[in-house]
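Following: one structure in structure tokens, then a few remarks.
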Amino acid sequence: MGIAVVILAAGKGTRMQSDLPKVLHPLAQVPMLAHALRTAQSVDPDHIVVVAGHGFDAVAKTTRDYHNTAVIVEQAEQLGTGHAVAQTRDALGAYDGDVLVLYGDTPFISDETIEKIAAARQSADLVVLGFHAADPARYGRLMAHDDQLQRIVEFKDATEAERAVTLCNSGVMCAKASELFSWIDQTENKNASGEYYLTDCVEIATNHGKTARVVICDEAETLGVNSRVDLAQAEAAFQTRTRRDMLENGITLFAPDTVYFAYDTVIGRDCVIEPNVVFGPDVTIESGATIRAFSHLEGCHVARDSVVGPYARLRPGAELAEGVKIGNFVEIKNAQIGEGSKVNHLTYIGDADLGKNTNIGAGTITCNYDGVMKHKTTIGDNVFVGSNTMLVAPVTLGDHSMTGSGSVITRDVPAGDLAISRAPQDNKSGTAIKLVEMLKQRKAKRDQKDQ
Ligand code: UD1
Ligand code: CA
């Protein structure tokens with residue numbers, strides 16, 4: 001039996017106090033919506049349908065950025081969660097599999113929990129994901145006996161006795177598509193919010209003699225983001241969990257609370273991550289590498305036993321082979337650094353390809369941008385680039401070549417050659433001493449005049 005995932009993301013998120021649609025606020029370095037899309041992919045769905053409304057164009061674009069076959073449907077007016085799911089009817093057509101409903105603002109549902117929901121569907125017509133809330137606040141309350149669910153009562157519509165129930169609705173729900181749509185058709189908006197509630201499907205289903213079951217997960221997974229306070233708490237929860245996972249997987253963090261990971265950071269065993277390191281999206285680091293303090297990495301790959309930092313910046317497309325050394329105040333962008341090569345100090349390497357065992361001197365710059373276009377610098381194996389060399393791209397330095405420090409290299413350097421391009425040195429005999437004497441006399445004259 002197949003499954004389609006519907007992600008609800010049409011709401012405005014008024015409490016975010018933002019021009020940006022709520023589901024596009026970043027969490028763990030990606031828009032919140034990307035987390036729901038990732039969860040959706042874990043069930044290998046036949047379809048993913050995102051319901052967008054507020055900020056439709058931006059939400060649609062982000063959806064396509066993270067999942068190029070997801071279908072986006074518009075809910076022009078937000079008339080409730082049931083109404084939102086109903087908007088997917090055309091997109092899902094006569095789909096005869098299940099529909100799993102996720103929320104764009106509930107980013108942490110685990111794959112294991114989704115598997116439990118799928119398993120529970122084997123023995124129930126409708127499955128709802130619930131959790132025991134420490135503070136049930138305004139969540140919908142699940143009216144259940146053991147795991148048999150009768151109905152869901154929204155906070156606004158609940159009696160005092162119903163509000164006393166601490167088993168809450170996460171919003172995640174799963175049922176056969178055709179049945180879910182028929183139950184939604186029967187919902188009404190005669191409630192405190194004047195909305196068509198998806199949650200009303202439970203009572204409608206059970207009234208038709210269908211079985212509804214609750215699957216319970218940890219409250220941390222169902223954390224829904226409604227405000228920036230919630231968002232900050234969600235970020236903190238993500239970081240705390242990820243730091244612990246990293247430590248348990250054999251990575252050393254001296255000061256775990258100062259290291260920030262992205263949703264997809266991959267780090268191998270026996271890596272050392274020093275304090276105050278920030279990982280942007282799409283970073284992979286192989287075993288045994290060290291990332292020293294105050295470094296910032298995104299969109300890059302660091303192979304075994306490399307050392308990066310302190311104070312280094314690896315930008316998208318930086319690819320470090322084994323045993324590479326990238327030192328302080330070095331920026332690498334869209335560049336391959338070959339095995340054993342060293343870029344130790346105060347350097348920018350952009351749009352470049354470096355071979356093996358090459359040494360880049362302090363203060364070297366690949367001048368990759370002419371104001372209009374970007375150009376490539378190619379550097380071979382065993383090259384020695386002297387300090388403060390400007391490599392004006394496009395340019396190629398052959399294997400075993402060298403550049404004299406302070407050179408501005410505008411033409412290719414053949415293999416084995418030394419290129420020097422700077423004004424020749426002229427030593428003027430004794431002039432330094434004479435110059436100082438002259439200056440001292442001048443100063444003495446001036447001081448006399450001032451008195
Ligand atoms: C909903 C549930 C509640 C549950 C809670 C968990 C209903 C009626 N209530 O309440 O039982 O405890 O979530 O967080 O379902 N959305 C749309 N279109 C709409 C309305 C909402 O796309 O017309 C989207 C929102 O963008 C959001 C999600 O659905 O991603 C939940 O909507 P929200 O208004 O936050 O529901 P709650 O009142 O929190
Ligand atoms: Ca909500």
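Counting starts at 1 for both ligands and their atoms, following the listed order. Computed from a predicted model, the values in this text were never measured in an experiment. Basis for what follows: all heavy atoms, side chains included, without hydrogens, waters or symmetry-related copies.
- Atom 30 (O) of ligand 1 has its nearest heavy-atom neighbour, among Asp157, Leu8, Leu142, in Leu8.
- The closest heavy-atom contact to atom 4 (C) of ligand 1, among the options Val101, Thr187, Asn169, Leu198, comes from Asn169.
- The local environment of OH in Tyr311 is sparse, with at most 12 non-hydrogen atoms from other residues, nucleotides or ligands closer than 6.0 Å.
- Atoms of ligand 1 found under 4.0 Å from any heavy atom of Ser170 (numbered from 1 in listed order, with element): 6 (C).
- The shell of residues lying under 4.0 angstrom from ligand 1, judged by heavy atoms, includes Asp105.
- The option from Glu77, Gln75, Lys156 that lies nearest to atom 17 (C) of ligand 1, judged by heavy atoms, is Gln75.
- In Arg304, the CZ atom is not crowded: 12 or fewer heavy atoms of neighbouring residues, nucleotides or ligands sit closer than 6.0 Å.
- Ring orientation note: the planes of His47 and Tyr95 are nearly perpendicular, at an angle over 60° on the 30°/60° scale.
- In the vicinity of Gly140, heavy-atom distances shorter than 4.0 Å reach the ligand 1 atoms 3 (C), 4 (C), 11 (O), 12 (O).
- Here's the thing with Gly11: one of its N/O atoms is less than 3.5 angstrom from an N/O atom of ligand 1.
- Between Thr364 and the choices Ile409, Leu391, Val343, Thr403, the side chain to side chain contact (heavy atoms under 4.5 Å, CB included) rule is met once, by Leu391.
- With a 4.0 Å heavy-atom cut-off, ligand 1 is reached by the side chain of Glu154 but not by its N, CA, C or O.
- Set against the non-hydrogen atoms of Ala84, the atoms of ligand 1 under 4.0 Å away are 17 (C), 18 (N), 22 (O).
- Between Lys22 and Asn226, some side-chain heavy-atom pair lies under the 4.5 Å cut-off.
- Of all the atoms in ligand 1, the ones that sit under 4.0 Å from a non-hydrogen atom of Leu79 are 23 (O).
- Comment: Asp381 does not engage Lys356 in a salt bridge, judged by the lack of any side-chain N to carboxylate O separation of less than 4.0 angstrom.
- Annotation: Lys22 places no N or O atom under 3.5 Å from an N or O atom of ligand 1; distance criterion only.
- Taking the six-membered ring where tryptophan is involved, the planes of His35 and Tyr263 are perpendicular, since the angle between them exceeds 60° and thus also 30°.
- For the pair Arg163 and Phe155, the cation-pi criterion (under 6.0 Å, within 45° of the ring axis) is fulfilled.
- Contacts of Ala9 with ligand 1, taken as heavy-atom pairs under 4.0 Å, involve the backbone alone.
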Kindly indicate, with the supporting measurements, whether the criterion side chain to side chain contact (heavy atoms under 4.5 Å, CB included) is fulfilled by Val59 and Ile72.
CA-CA 9 Å; Val59 172; Ile72 301 128; 5.7 Å; no
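- Heavy-atom contacts of Gln78 reach the following atoms of ligand 1: 18 (N), 19 (C), 23 (O) (cutoff under 4.0 Å).
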